[in-house]
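Side chains are part of it too, since the values below use all heavy atoms of this structure and drop only hydrogens, waters and symmetry mates. Chain A is the first sequence line, chain B the second, and so forth, proteins listed ahead of strands; every chain is numbered from 1.
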Number of protein chains: 2
Amino acid sequence: MKSDTRQQILAASSKLFLEGGIHALSVRAIAKQAGLSTIGIYSHFNGKQGILDALYIEGFNNVTQVMKSVKEDSPKASVLEMCRQILDFSEHSAAHYKLIFGANMTEYTPSEDALQAAADGFITLTKVTSSLVEHHASLIEKQEIAMEIWALTHGYIGLNNHEISHHIDWGNWKERALKALATHIDALAAR
Amino acid sequence: MKSDTRQQILAASSKLFLEGGIHALSVRAIAKQAGLSTIGIYSHFNGKQGILDALYIEGFNNVTQVMKSVKEDSPKASVLEMCRQILDFSEHSAAHYKLIFGANMTEYTPSEDALQAAADGFITLTKVTSSLVEHHASLIEKQEIAMEIWALTHGYIGLNNHEISHHIDWGNWKERALKALATHIDALAAR
DNA sequence: TTGACAAATATAACAGTGTTATAGATTATA
DNA sequence: TATAATCTATAACACTGTTATATTTGTCAA
C-alpha cells in the first residue's frame with residue numbers, strides 16, 4: 001500500500017474542505033482533485049467516513065491546541081481569552097467548526113478515534129476553566145463549570161450561525177459573547 | 001390544482017419526518033407514503049425546499065406557541081419555565097429542533113417565509129426575557145438579554161446533542177442548564 | 001354534448017451521490 | 001522469471017433531487 005496515495009487523498013480532501021466546506025467533499029471530487037480514482041478512498045480510509053473522521057480529528061486537535069496555548073494573568077482572563085479563541089475559530093475555521101460541533105445535525109457519526117479527540121478537547125477546556133474554582137473541587141464540579149462555559153460560548157456561535165442573527169442587531173457579537181461570559185464567570189465566583 | 005394533493009403530500013412528509021428525521025425525507029419516500037408520484041412535490045411545493053420550509057415554519061410556530069403559553073409569578077420564574085419548555089422541545093420534537101436550529105450545518109437554506117417564522121420566535125423570546133429588565137430599557141438592551149438567554153439555553157442543548165455528552169457526567173442536564181440560567185439571570189439583575 | 005385547451009399527474013430520463021464489483025496494472029516473493 | 005499479492009482504474013449498482021416527456025383529468029365555449 002502506497003502511503004503516498006493516502007497523503008494525496010488527504011491533501012485533496014483538505015483543500016476541497018477548506019474551500020467549499022463539507023458539501024464539497026464528494027468522493028469523485030476528492031479523487032479528481034488527487035488525480036486518482038475513488039477506490040483509494042475506500043482502501044486507505046474507511047470510505048467517506050474515514051475522510052470525515054480525519055478532518056474531525058484535525059478540527060478538534062486544532063481547537064484543543066488553541067485552548068492549550070492560552071496564558072493570561074488570572075483565571076478569569078485566561079478563560080475569557082480561551083473563549084475568544086474559540087469564537088475566532090468558529091469564523092476562521094468555519095468548515096472545521098461546523099464539522100466538529102455540528103455533526104449531530106447531519107448523518108455523519110464520528111468514529112471512536114474521532115470522539116477521543118473530542119473528549120480530549122473537553123478535558124482541555126475543563127482544565128482551563130478549572131482555574132475558576134478551588135483546587136479541591138471535585139471532577140464533577142469542574143466539569144459543571146466547563147459545561148456552563150461551553151454552553152454559553154457555543155450558544156453564541158450557534159446564534160451567530162443562525163439566520164435570525166441577520167435580523168437583529170448583531171453588530172459586535174464577539175464582544176457581547178465575552179461580556180456575557182464575564183458576567184457568568186463573576187456569578188460563578190459568587191455562587 | 002387539487003388542494004387535497006397538497007395536504008396528502010404534507011401529511012406524508014410530516015409522518016416520515018417525525019418517524020425518521022430529515023434524512024427520511026427523500027422525494028420518492030414522500031411520494032410513496034402519499035400514494036402519489038413525485039411531481040406533485042414540485043408543483044405543490046417548491047420541490048424538496050418547499051417541504052423543508054413547511055416543516056421549518058411548523059417547528060418555529062410550535063416552539064413559539066410554547067414560549068407564549070408561559071405564565072409564572074415572576075419574571076425570573078417565567079423565563080426559567082420558558083427555557084425549560086425549550087429544553088423539553090429539543091427532546092420531544094428532536095426532528096423539528098434539528099431542522100430549525102441546525103439548518104446552517106446542512107445545505108438547507110430557509111425561505112423568506114420560513115425566516116419570518118424564526119424572527120417571530122425571537123421576538124416572542126425577547127418579550128418574555130424583557131420582563132427581566134426595566135420597562136424603559138431600549139430594544140437593543142432587551143435583545144441583548146434575549147441573546148444571552150438564547151445562547152445559554154441552546155448551548156446546553158447543543159452540548160446534549162454532541163457526542164461528548166456521552167463521555168461526561170451528563171446525568172440531569174436539564175436541571176443543570178436551568179441552574180446555570182438561574183445563575184445568569186441573577187447576575188443580569190446585578191449587572 | 002363534444003371538442004379543444006389547460007392543468008394535473010405518472011413515468012422516464014438526467015446528473016449527481018456513496019459504495020461495491022470486476023478488470024487491469026503494479027509490486028513483492030520464491 | 002513466474003506466480004501471487006496488492007493496489008488501482010473502471011464499471012455497475014442503488015440511491016438522491018430535479019427536469020423532461022407522456023398521459024390523464026378537468027374546464028369551458030360552441
**Item:** Gap separating the NE2 atom of A/His154 from the CG atom of B/Leu159, nearest 0.5 angstrom
**Value:** 8.5 Å
**Request:** Output every pair passing salt bridge (Lys or Arg N to Asp or Glu O under 4.0 Å) with a member in residues 61-76 of chain B, not counting sequence neighbours, ordered by first then second residue.
**Result:** B/Lys76-B/Asp186
**Message:** Once ring pair (Phe, Tyr, Trp, His ring centres under 6.0 Å) is applied, do any residues pair with A/Tyr108, and if so which ones, sequence neighbours excluded?
**Reply:** A/Tyr56
**Request:** Among residues two or more places apart or on two chains, list those pairs meeting salt bridge (Lys or Arg N to Asp or Glu O under 4.0 Å) that have a residue in residues 86-101 of chain B.
**Result:** B/Asp88-B/Lys174, B/Glu91-B/Lys174
**Asked** Of the options A/Phe89, A/Tyr97, A/Phe101, A/Phe122, which is the one that meets A/Phe60 in a ring-ring contact (aromatic ring centres under 6.0 Å, His included)?
**Response** A/Phe101
**Spacing of B/Glu107 atom CD relative to D/dT18 atom P, expressed in whole Å** = 11 Å
**Request:** With heavy atoms under 4.0 Å as the rule, sort A/Leu36 into base, sugar-phosphate or nothing.
**Result:** sugar-phosphate
**Prompt:** Choosing from C/dT11, D/dA9, C/dT9, which nucleotide comes nearest the side chain of A/Ser37?
**Reply:** D/dA9
**Request:** Whole angstrom is fine here: how far is it from NE2 in B/His44 over to P in C/dA7?
**Result:** 13 Å
**Asked** Which nucleotide in the list C/dT9, D/dT10, D/dG17 gets nearest to the side chain of B/Lys48?
**Response** D/dG17
**Prompt:** Do any pairs count as a salt bridge (Lys or Arg N to Asp or Glu O under 4.0 Å) and have a residue in residues 131-144 of chain B, sequence neighbours left out, and if so which ones?
**Reply:** A/Arg176-B/Glu144, A/Lys179-B/Glu144
**Message:** Between B/Thr5 and C/dT9, is there a contact of a side-chain N or O with OP1 or OP2 at under 4.0 Å?
**Reply:** yes
**Complete:** With sequence neighbours left out, the residues meeting side-chain hydrogen bond (donor to acceptor under 3.5 Å, both in side chains) with B/Asp120 are B/Gln116
**Request:** Give, ordered by number, those residues of residues 16-28 of chain A having at least one heavy-atom distance below 4.0 Å to an atom of DNA chain C; if nothing qualifies, reply none.
**Result:** A/Leu25, A/Ser26, A/Val27, A/Arg28
**Request:** Check the distance between C/dT19's P and A/Phe45's CZ and give it to me in whole angstrom.
**Result:** 13 Å
**Message:** Under the rule for ring pair (Phe, Tyr, Trp, His ring centres under 6.0 Å), what residues qualify as partners of B/His96, not counting sequence neighbours?
**Reply:** B/Phe17
**Asked** Rounded to the nearest Å, what distance is computed from the CZ atom of residue B/Arg6 to the C1' atom of nucleotide C/dA7?
**Response** 17 Å
**Prompt:** Listed in order of residue number, which residues of residues 97-104 of chain B have a non-hydrogen atom at under 4.0 Å from DNA chain D?
**Reply:** none
**Item:** Separation of atom CD1 in A/Ile51 from atom C1' in C/dT17, rounded to whole Å
**Value:** 15 Å
**Message:** Does anything in residues 103-116 of chain B form a salt bridge (Lys or Arg N to Asp or Glu O under 4.0 Å)? List the pairs, not counting sequence neighbours.
**Reply:** none
**Asked** Once you round it to whole Å, what is the distance between P of C/dT9 and CD1 of B/Ile41?
**Response** 12 Å
**Message:** Rounded to whole Å, please give me the gap between CD1 in B/Ile39 and C1' in C/dA7.
**Reply:** 12 Å
**Prompt:** How close or far is atom C1' of C/dG16 from atom NZ of A/Lys32, stated in whole angstroms?
**Reply:** 13 Å
